[in-house]
Q: 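Let me give you the structure first, and then I'll get to my questions.
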Number of protein chains: 2
Amino acid sequence: MKDCTLYKMMDIIGKRWTLCILLELHKGDKYQKQFNELKAMLGDITPKMLSTRLKELEAHGLVEKELDSSAIPVKSFYSLSESGQEFIEIIKEIKGWGLKWKFDNPLCSVSDCRYCGVAKATDN
Amino acid sequence: MKDCTLYKMMDIIGKRWTLCILLELHKGDKYQKQFNELKAMLGDITPKMLSTRLKELEAHGLVEKELDSSAIPVKSFYSLSESGQEFIEIIKEIKGWGLKWKFDNPLCSVSDCRYCGVAKATDN
DNA sequence: CAGGATCCAAAAGGATACTG
DNA sequence: CAGTATCCTTTTGGATCCTG
């Protein structure tokens, strides 16, 4: 059972902040975002946690990191990979399910939700 | 951010075994399953863990429990609720994503996968 | 700007044994 | 059959401070 695909998927996506980070990377018009930018958007996440999650996501191929070594200090840019982009669809459905069955969240029910960045799965 | 629908969803579905339990309830032809039956299917799950997860899922409305008090000893039957049934679709997509991008799991790639009970999302 | 290091508190989960 | 209870280990995550 522990070699079940589904079980293993939870090691990738089942950790705190992970889905929110992916969604944050999806938000807005810029396809790349910097560390402190993400940190600010995520509010009360610690740098340690954000760093840990970004490394996991990069290792699993959902997130790509680009470095601008010419800048001083060095700048890093994070973006969704192709697989990460595709996973956003699932995230939307999870959110859609939550809005339908569990949470009456007005902020999430409008398309410009500043927390989640996507509306119900069917709207987007 | 912590009142984000997505963030809160992880408290419901992001715990170990949760998705596998839901999938187990979905498997097969019987729509109800007993505690020890589930336990056997899930292999190395402890009764404590299964009990905890089932209670959480019941509290969140994804799982329904029925008692046969006339039986001695009393028997309990678990099944997916309507919302739980609907969540199976998302589970299939998570699994489909995993098979496409991460894991080459032959057991999961065939429709009668004895571990997961469903094939790729598009097949089922 | 982009983290790393350290320390600590809390939670989660496994092992095992037991019960009505 | 359907769980509880207890104990104990491991993991996780938050706080805080530091650095090139």
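Within every chain, numbering begins at 1; the chains are lettered A, B, ... in the order of the sequence lines, protein sequences first and strands thereafter.
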Q: Measure the distance from CE on M10(A) to C1' on dG13(C) and round it to the nearest whole Å.
A: 15 Å
Q: Please map the stems of DNA chain D, keeping only stretches of three or more Watson-Crick or G-U wobble pairs with both distances under 3.5 angstrom.
A: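 Ordered by first number, the stems with DNA chain D (at least 3 consecutive pairs each) read C:1-20 with D:1-20.
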Q: With rounding to the nearest 0.5 angstrom, report the CD to NE2 distance, Q85(B) to H26(B).
A: 6.5 Å
Q: Quick one: hydrophobic cluster around V74(B), which other residues, with the 4.5 Å side-chain cut-off, linked directly or via members?
A: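 Result for V74(B) is L67(B).
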Q: Rounding to an integer number of Å, can you tell me how far I72(A) CD1 sits from dG20(D) C1'?
A: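 Taking atom C1' of dG20(D) as the reference, CD1 of I72(A) is at 12 Å.
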Q: Does a salt bridge link E58(B) with K55(B), judged by any charged N lying under 4.0 Å from a carboxylate O?
A: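 No.
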Q: Q34(B) side chain N/O closer than 4.0 Å to the phosphate oxygens (OP1, OP2) of dC1(D)?
A: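 No, outside the criterion.
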Q: Can you build the contact string for nucleotides 3-15 of chain D? Use B for base contact, S for sugar-phosphate-only contact, and - for no protein heavy atom under 4.0 Å.
A: BB-BB-----BBB
Q: Can you check the L42(B) CG to dG14(C) C1' distance for me, whole Å?
A: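 Going from L42(B) (CG) to dG14(C) (C1'), I get 15 Å.
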Q: Rounded to the nearest 0.5 Å, how far does OH of Y78(A) lie from OH of Y31(A)?
A: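 Result: 15.0 Å between the selected atoms.
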Q: Measure CG/L67(B) against C1'/dC1(D) and give the value in whole Å, please.
A: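 Taking atom C1' of dC1(D) as the reference, CG of L67(B) is at 12 Å.
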Q: Any sub-3.5 Å donor-acceptor pair from S81(B)'s side-chain atoms to G61(B)'s backbone N or O?
A: yes
Q: Check the distance between dA2(C)'s C1' and E66(A)'s CD and give it to me in whole angstrom.
A: 16 Å
Q: Between NZ of K33(A) and CD1 of I21(A), what distance do you get to the nearest 0.5 Å?
A: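 These two atoms lie 12.5 Å from each other.
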Q: Hey, are the side chains of W17(A) and Y7(B) touching, using non-hydrogen atoms and a 4.5 Å cut-off?
A: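 Yes, at least one pair of side-chain atoms sits under 4.5 Å.
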Q: Roughly how far, to the nearest 0.5 Å, is the CG atom of L19(B) from the CD1 atom of I13(A)?
A: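 Interatomic distance, I13(A) CD1 to L19(B) CG, rounded to 0.5 Å: 7.0 Å.
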